[in-house]
Amino acid sequence: QVHLVESGGGSVQAGGSLRLSCATSEDTYRRSCMGWFRQVPGKEREKVANIYTSTGSTKYADSVKGRFTISQNNAKNTLYLQMNNLKAEDTGMYYCAATDTVREGWCLVYDRSDFSDWGQGTQVTVSS
């Protein structure tokens with residue numbers, strides 16, 4: 001059974017940092033492609049970062065490059081999103097997602113419709 005649980009959200013001042021975690025079941029963590037997305041009310045869910053889990057290759061949305069880092073802890077079956085130098089426009093509900101794919105290149109360009117499994121989300125609020 002798929003199981004993803006996000007945590008680590010909260011309220012922070014602009015320029016601050018947060019680290020989001022996505023705890024998964026062992027079966028879910030074996031999925032080959034995982035990602036972080038975010039959504040604000042009235043807007044579509046947008047991609048933040050993807051990771052191909054077997055190689056650790058990553059890809060980021062332009063809006064977060066250089067500020068956010070997606071990573072994984074294999075021993076803990078956990079996906080992370082380190083967010084530094086946060087801006088007001090980073091505010092939103094953050095979701096982790098997982099799916100399977102056979103190619104790294106596909107994973108890195110996957111968008112929301114390509115992911116099959118989702119967590120419930122954790123809220124991030126950045127005040128300016």
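Start at 1 with the first residue, then count along the sequence. All of these numbers come straight from a predicted model, not from anything done at the bench.
Here the side chain of Thr125 pairs no donor or acceptor atom with the backbone of Thr91 at under 3.5 angstrom. A donor-acceptor contact shorter than 3.5 Å is absent between the side chain of Thr78 and the backbone of Ala23. With hydrogens and angles ignored, the 3.5 Å screen pairs no side-chain donor or acceptor of Arg45 with any backbone N or O of Gln39.
For Met34 against Thr53, the heavy-atom pair with the smallest separation is CG-CG2, 3.9 Å. Of all the heavy atoms in Ala98 and Leu4, the pair that sits closest is CB-CD2, 4.2 Å. Heavy atoms only, all atoms of each residue included: Ser128 and Ala14 are closest at CA-CB, 4.1 Å. When all heavy atoms of Met93 and Gly121 are compared, the pair lying nearest together is SD-C, 3.7 Å.
Transitive grouping of hydrophobic side chains (ILVMFWY, heavy atoms separated by less than 4.5 Å) keeps Leu20 and Val5 in distinct clusters. Neither Leu108 nor Leu79 shares a network with the other; the hydrophobic side chains, linked directly or stepwise wherever heavy atoms of I, L, V, M, F, W or Y lie under 4.5 Å apart, form separate groups for each.
Looking at Asp62 and Lys65, a side-chain N of the basic residue comes within less than 4.0 Å of a carboxylate O on the acidic one, giving a salt bridge. Salt-bridge annotation for Asp111 and Lys47: absent, with no side-chain N of the basic residue lying under 4.0 Å from a carboxylate O of the acidic one.
Here disulfide bond (SG atoms under 2.5 Å apart) pairs that include residues 61-126, with residues two or more places apart or in two chains, are Cys22-Cys96, Cys33-Cys107. Within the structure, the side chain to side chain donor-acceptor pair (under 3.5 Å) test picks out the following pairs touching residues 4-23 (sequence neighbours left out): Ser17-Asn84. For the ring pair (Phe, Tyr, Trp, His ring centres under 6.0 Å) condition, no pair includes a residue of residues 52-110, sequence neighbours left out.
Remark: Ser71 OG to Leu81 CG distance equals 8.0 Å, nearest 0.5 Å. One distance of note links CG of Asn50 with CZ of Phe37; it measures 5.5 Å at 0.5 Å rounding. From Arg38, atom CZ reaches atom NZ of Lys43 across 9.5 Å, with rounding to the nearest 0.5 Å. Between the OG1 atom of Thr24 and the NZ atom of Lys76 there is a distance of 13.0 Å, given to the nearest 0.5 Å.
For the side chain to side chain donor-acceptor pair (under 3.5 Å) test, residues two or more places apart in sequence or in another chain that qualify with Glu44 are Arg112. Thr55 is linked by a side chain to side chain donor-acceptor pair (under 3.5 Å) to Ser57, Glu104, counting only residues two or more places apart in sequence or in another chain. Scored by the side chain to side chain donor-acceptor pair (under 3.5 Å) test, Thr99 finds Ser116 as partners (sequence neighbours excluded).
Leu18 is not listed as a side-chain neighbour of Gln82, based on a closest heavy-atom distance of 4.5 Å or more. At least one side-chain heavy atom of Val124 sits less than 4.5 Å from a side-chain heavy atom of Met83. Side-chain contact between Asn77 and His3 is absent, with no heavy-atom pair separated by less than 4.5 Å. Annotation: side chain of Val109 is in contact with side chain of Lys59 (closest heavy-atom distance under 4.5 Å).
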